[in-house]
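Scroll down for the structure; my scribbles are underneath it.
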Amino acid sequence: MARIEFEHSVEKVSFFSPLAGMELAEQTIEVRRDPLTGMTAVSSSELATKEEMFFGKTDWQHADELAARSREGCFFCPEKVLEATPRYPENVLPGGRLRRGRALVFPNLFPLAALHAVVTYPERHFLRPSEFDPELLAEGLGAALEFARHAEAAYSDLEHLELCCNHMLPAGASLVHPHFQVFAGAAAPWLLRTQWERATAFRDRQGVSYWQTLVDEETERGERLIGGRNGCTWLAPYAPAGGREVMAVVPGRARLAAIDDDQLAELSRGLSKVLAWYEREGLSAFNFTLGGGPLGGDAATHAVVLRVIARSAFKVDYRTDDYFLQKQLGGELIFSPPEQLAETLRAEFE
């Protein structure tokens, strides 16, 4: 018997539509509820026709011009990065900064938590989504995981630790230069805490891990399964929390520091494929988060989860892709069914 409820409701709306010659037209509204958090995502039978209006297509000439203008004086670039960025004390990070391949880790000048670091590639001032190849991602994600191990040893009071990314201006980036952020502190954001509490309640009630159950059920159903290996499963979420959301679940790993080299390689491989697909669809901006449960949590309850979402395409007149529904009501739009997204990406992962 399935232990996870994939809940949804359907509504009908009718009106005399100018798109149908003022004849009576009917549309179907589907509201899906995320099985863990209860967050809702809504679609309508006609919404797919508005997707390009919301997301647009990237103006790469405009993006290249911005990259060229912002190159001079960029303090993440190699000429300035060592003199213009801070260092950690030796007891936190020997040497003050951490290098792994082309990636460099250092403190954020404007921290939003007790531990807030930047991971960047000094030699790469601008990257299109398709240029985040598996090797480059493995260096950046790997540097963050290595830093996470130092952070856990140096800070005894951390409750949460995540790796996050805002890539390009429509995704909230303040700099064109690509970078990730390690975000950790003693007060977990409300959505993280909600996920932890619901996962704990599920295990108390069912006696098994929510995340392992999700992987097992989605693998059996197959319709939202994308692929994966090395204990990492890629899915299209049933009720996505953002545009074209894709997620990876690593059951049995409760925190980033527990990710092994094979899982790092799979996370890097899969994320690279998703980002390349975004670019082929005309998109350029994205967010992702990679995190686990509370740092004191157990692997029988929590899992490391990566979530990546596409944002509005970068162009001269780009518009934001979230508004009252997302920012104030905690809902999201579904332009195309997650099952269709999974079918599209499945071939990429094979």
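Just so you know, these numbers come straight off a predicted model, no measurement behind them. These values consider heavy atoms only, across backbone and side chains, with no hydrogens, waters or symmetry-generated copies. Positions are given from 1, in the same order as the sequence printed here.
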Is there any ring pair (Phe, Tyr, Trp, His ring centres under 6.0 Å) pair reaching into residues 98-118, and which pairs are they, with sequence neighbours excluded?
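Matches after skipping sequence neighbours: F76-F106, H116-F183.
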Could you list all the ring pair (Phe, Tyr, Trp, His ring centres under 6.0 Å) pairs where at least one residue sits in residues 37-58, not counting sequence neighbours?
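Output for this query lists F54-F335, F55-F335.
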Residue list, salt bridge (Lys or Arg N to Asp or Glu O under 4.0 Å) with R124, at least two apart or on another chain:
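Residues passing salt bridge (Lys or Arg N to Asp or Glu O under 4.0 Å) with R124: none at all.
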Do D298 and T301 meet the criterion of a side-chain donor-acceptor pair at a distance under 3.5 Å?
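Result is yes, a qualifying pair exists.
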Looking only at side chains, do S45 and T28 share a donor and an acceptor under 3.5 Å apart?
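No.
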Between [X] and [Y], is there a shared hydrophobic cluster once you connect ILVMFWY residues whose side-chain heavy atoms come closer than 4.5 Å?
| X | Y | answer |
| --- | --- | --- |
| V308 | V250 | yes |
| L36 | V208 | yes |
| I334 | M39 | no |
| Y318 | L283 | no |

Provide the closest heavy-atom pair for [X] versus [Y] in the form atom of the first, atom of the second, distance.
| X | Y | answer |
| --- | --- | --- |
| A103 | G140 | CB-CA, 3.9 Å |
| W234 | G270 | CZ2-CA, 3.4 Å |
| P178 | L127 | CG-CD1, 3.6 Å |
| Y238 | F6 | OH-O, 3.2 Å |
| L136 | Y121 | O-OH, 2.6 Å |

List the residues meeting side chain to side chain donor-acceptor pair (under 3.5 Å) with [X], not counting sequence neighbours, and say none if there are none.
| X | answer |
| --- | --- |
| E339 | R32, R224 |
| R255 | E152 |
| D133 | none |

Min side-chain heavy-atom separation [X]-[Y] under 4.5 Å:
| X | Y | result |
| --- | --- | --- |
| C165 | Q181 | no |
| L290 | V305 | no |
| F286 | I309 | no |
| L214 | L235 | yes |
| L175 | C74 | no |
| L192 | P189 | yes |
| E332 | L325 | no |
| H302 | P294 | yes |

Got a salt bridge between [X] and [Y], using NZ or NE/NH1/NH2 to carboxylate O under 4.0 Å?
| X | Y | value |
| --- | --- | --- |
| E79 | R71 | yes |
| E159 | R193 | yes |
| E123 | R102 | no |
| R253 | D260 | yes |
| R244 | E51 | yes |
| E83 | K80 | no |

Just wondering, more than 12 heavy atoms not from E90 lying within 6.0 Å of its CD?
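Enclosed.
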After noting the C-alpha distance and the side-chain angles of E266 and R229, does the key distance pass the salt bridge (Lys or Arg N to Asp or Glu O under 4.0 Å) rule?
CA-CA 7 Å; E266 177 58 20; R229 57 194 182 193; 3.1 Å; yes
Could you go through the side chain to side chain donor-acceptor pair (under 3.5 Å) check for D34 and T37 one step at a time?
CA-CA 6 Å; D34 181 85; T37 65; 3.2 Å; yes
For H167 and F132, I'd like to know if the aromatic rings sit close, meaning centre-to-centre distance below 6.0 Å.
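Centroid distance H167-F132: below 6.0 Å, so yes.
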Between F314 and H62, is the ring centre distance below 6.0 Å?
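Yes: the rings meet the under 6.0 Å criterion.
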Between E217 (side chain) and I4 (backbone), is there a donor-acceptor pair under 3.5 Å?
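Yes: the side chain of E217 pairs with the backbone of I4.
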Would you compute the distance between atom SG of C164 and atom CG of L112 and round it to the nearest 0.5 angstrom?
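So the gap between those two atoms works out to 10.5 Å.
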Stepwise side chain to side chain contact (heavy atoms under 4.5 Å, CB included) check, F288 with L275:
CA-CA 10 Å; F288 75 73; L275 298 183; 5.7 Å; no
